[in-house]
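Single-structure report; data block below.
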Amino acid sequence: MDFTSFFQYLTTIIPFLPKIYNPVVYNASDLVLIFFWFVAAVISFYFSYGNARLWTSVSIGFFLIFWGQAYLLNPYASSYFRVTAVHTIIGAVSILLISHGFQEYFLFTKTLDITGSKRTIYLTTIGAIVLGIIFVSLNPKPSLFVLRNYRMAENTVWLFLSIVNIFVVLKIYHEIKGSPIANGILSFVLVFFFIVIWKGSELYLQMYQWDPAWQTLVEEFDFNIQSEGIDGAMVKIATTMSSAGAMLSGLSVVGTFAYLFKLVR
Amino acid sequence: MFLLPKGKPLVENFPIAKLQLPEALDKLKNGKLTGCAIFDFPASDCALIYEEGKLISVLMRRNKIEEKDADALRALVDQIILTDSGSFNVYGFTKDVNQAVLALIRGVKVLDRQELKLIDFKNLRERIKNERMTATLKISTDQSVGMILYRDGETVGFFDDTADAIENSPAKVQQIATLPGATVDLMAIRGADGVNQDLSAQVNIRSLWAAAKGDVFAAPEPANIFQPQAVVAPQPSPVTANSAEVETAIIAIANASLGKLGKTLVDKELLNAGGIKALKDESKLRNFLNAVEKSSILLASANKIKEMRNAISLEVEKL
């Protein structure tokens with residue numbers, strides 16, 4: 001889907017926007033994915049309203065995922081490397097927040113205490129992002145290589161925390177089994193399973209330099225490097241799993257929150 | 001964690017998750033145990049003292065709160081149901097040592113963290129002997145704990161936190177007594193304190209166990225759980241049968257509304273409120289309901305919580 005003329009029109013009515021020279025083309029699947037994350041962010045925020053603060057952590061986390069995904073659609077995303085690096089850090093912060101939320105839930109099932117304020121969560125999130133900005137600002141402007149490293153680090157954090165979250169959610173389910181909300185919480189296992197598929201396969205492609213970002217670098221810098229096995233079936237499977245995992249994780253988050261709504265209504 | 005003397009090990013480090021409490025206690029009873037059974041949970045401990053198969057004392061300690069006898073047994077059942085981890089140990093003692101251990105966990109504190117250097121230790125030992133005390137003298141420092149066990153004023157054994165069994169030699173305890181900052185506790189019981197009761201005859205463990213396993217409605221009426229005619233020694237439980245019925249009904253409501261955590265939540269908030277009878281006070285009832293509601297939002301819908309709140313309020317009116 002070609003959005004070039006739309007963004008060019010935007011630059012005419014908003015004069016301070018930089019001109020668009022390159023075509024802006026999106027896959028329909030990317031747009032659907034962003035839409036899912038948007039819905040997930042809205043529902044999770046609504047769900048956290050008036051609820052315990054652990055849902056604030058989870059909802060901010062899902063909102064930041066949407067934010068990070070939506071940023072990639074921005075036609076200037078690849079022009080401002082520092083901003084792109086900050087968004088990668090925001091991506092890592094989002095899974096940290098979600099994990100924090102579920103760990104607080106697990107603690108609750110053991111102690112039945114709900115402590116702490118939502119303000120702390122908001123301020124800590126802002127603090128973490130500001131720290132990320134400071135970190136990126138103090139260092140040299142990231143190159144495309146560095147940005148790819150950032151993404152690898154982000155995917156690693158996502159992969160391992162999602163695996164941990166699956167176990168934490170199962171533990172929570174075991175503790176609250178029999179309560180009305182138990183099956184809704186269990187649904188998050190599916191969410192994190194799809195996230196593991198999504199981020200895990202992406203990390204796998206990056207580790208073997210089969211990812212599109214590496215291929216772009218090879219072309220751009222005219223490297224004479226051939227990533228061995230790039231035409232193999234594993235690359236095709238991993239690429240498909242990454243796309244399907246991304247789509248299904250967004251979809252499952254929407255479904256899980258909708259189900260939770262039904263359970264707590 | 002309790003530091004109790006270790007006697008002859010009969011069961012050691014048995015995982016609590018695999019334990020069937022009624023059967024385990026039956027075995028201790030039928031085996032005419034004289035000794036103690038210790039349940040080590042991650043955040044609490046429970047000690048059961050047996051004398052020839054009679055369960056003469058139970059002490060549960062969790063969150064710095066101690067519960068005794070019938071209340072402790074009920075708390076123990078809850079802990080086992082709710083906790084996956086922990087270990088179960090049983091040690092056999094001679095009757096004399098057993099009485100000294102009983103003094104350790106439920107005796108009157110004759111001395112409470114007295115600095116050893118300020119005490120005339122010789123006089124203290126003479127006093128124990130002359131008054132024929134059945135007692136445990138505990139000597140503690142930041143790093144070590146030693147115990148001297150007495151029955152009717154006579155020394156019946158020594159124990160310290162590095163020992164695997166009751167010892168006949170006072171050497172290690174004397175060594176602890178010489179350490180700087182050592183303090184002394186003396187816990188003593190009178191001749192027949194707590195010996196005549198058999199808690200296993202007063203508390204229906206099987207019913208408590210079945211109720212805690214989730215079959216709340218199938219459990220016998222709580223008034224039947226306690227059998228007052230079997231009580232020989234004075235019981236610390238101030239809860240009347242009616243209060244117990246209301247408490248069980250509230251737990252059943254919470255269980256039905258929130259699942260198994262409902263029972264734990266109500267137990268916890270009742271403890272905070274000061275017991276079921278405290279709910280007669282309107283402000284305490286309101287605080288109790290608010291506290292239960294606050295935690296319930298992570299377990300159930302707003303409507304369900306509202307229904308539960310109303311049902312609990314109706315039950316409390318029966319008090």
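Predicted, not measured: the structure shown is a model, and the values here were computed from it.
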Checklist outcome for this item: Okay, B/Lys260 and chain A: the region with an atom under 4.5 Å from a heavy atom over there is both
Checklist entry - Do you know which of B/Thr264, B/Leu265, B/Ile297 has the most heavy-atom pairs with chain A at a distance under 4.5 angstrom? => result B/Ile297
Checklist entry - Parallel, tilted or perpendicular for B/Phe41 and B/Phe39, by the 30°/60° rule? => result parallel
Next on the checklist: At a 4.5 Å cut-off on heavy atoms, which part of B/Ser257 comes close to chain A: side chain, backbone, both, or neither?
Outcome noted: backbone
Checklist entry - Given that the side chain runs from C-beta out, which part of A/Leu112 has a heavy atom under 4.5 Å from chain B: side chain, backbone, both or neither? => result both
Item to check | Under 4.5 Å from any heavy atom of chain A - which part of B/Leu261 | outcome: both
Checklist entry - Do B/Asp185 and B/Ser140 have side-chain heavy atoms sitting under 4.5 Å apart? => result yes
Checklist entry - Hey, is A/Arg148 close enough to A/Asp211 for a salt bridge, meaning N to O under 4.0 Å? => result yes
Checklist entry - Hey, what do you get for CZ (B/Phe14) to CZ (B/Phe88), rounding to the nearest 0.5 Å? => result 8.5 Å
Checklist entry - Which region of A/Leu260, side chain (C-beta onward) or backbone (N, CA, C, O), has a non-hydrogen atom less than 4.5 Å from a non-hydrogen atom of chain B, or is it both or neither? => result neither
Checklist entry - Going by an N to O cut-off under 4.0 Å, is there a salt bridge joining B/Asp78 and B/Arg74? => result no
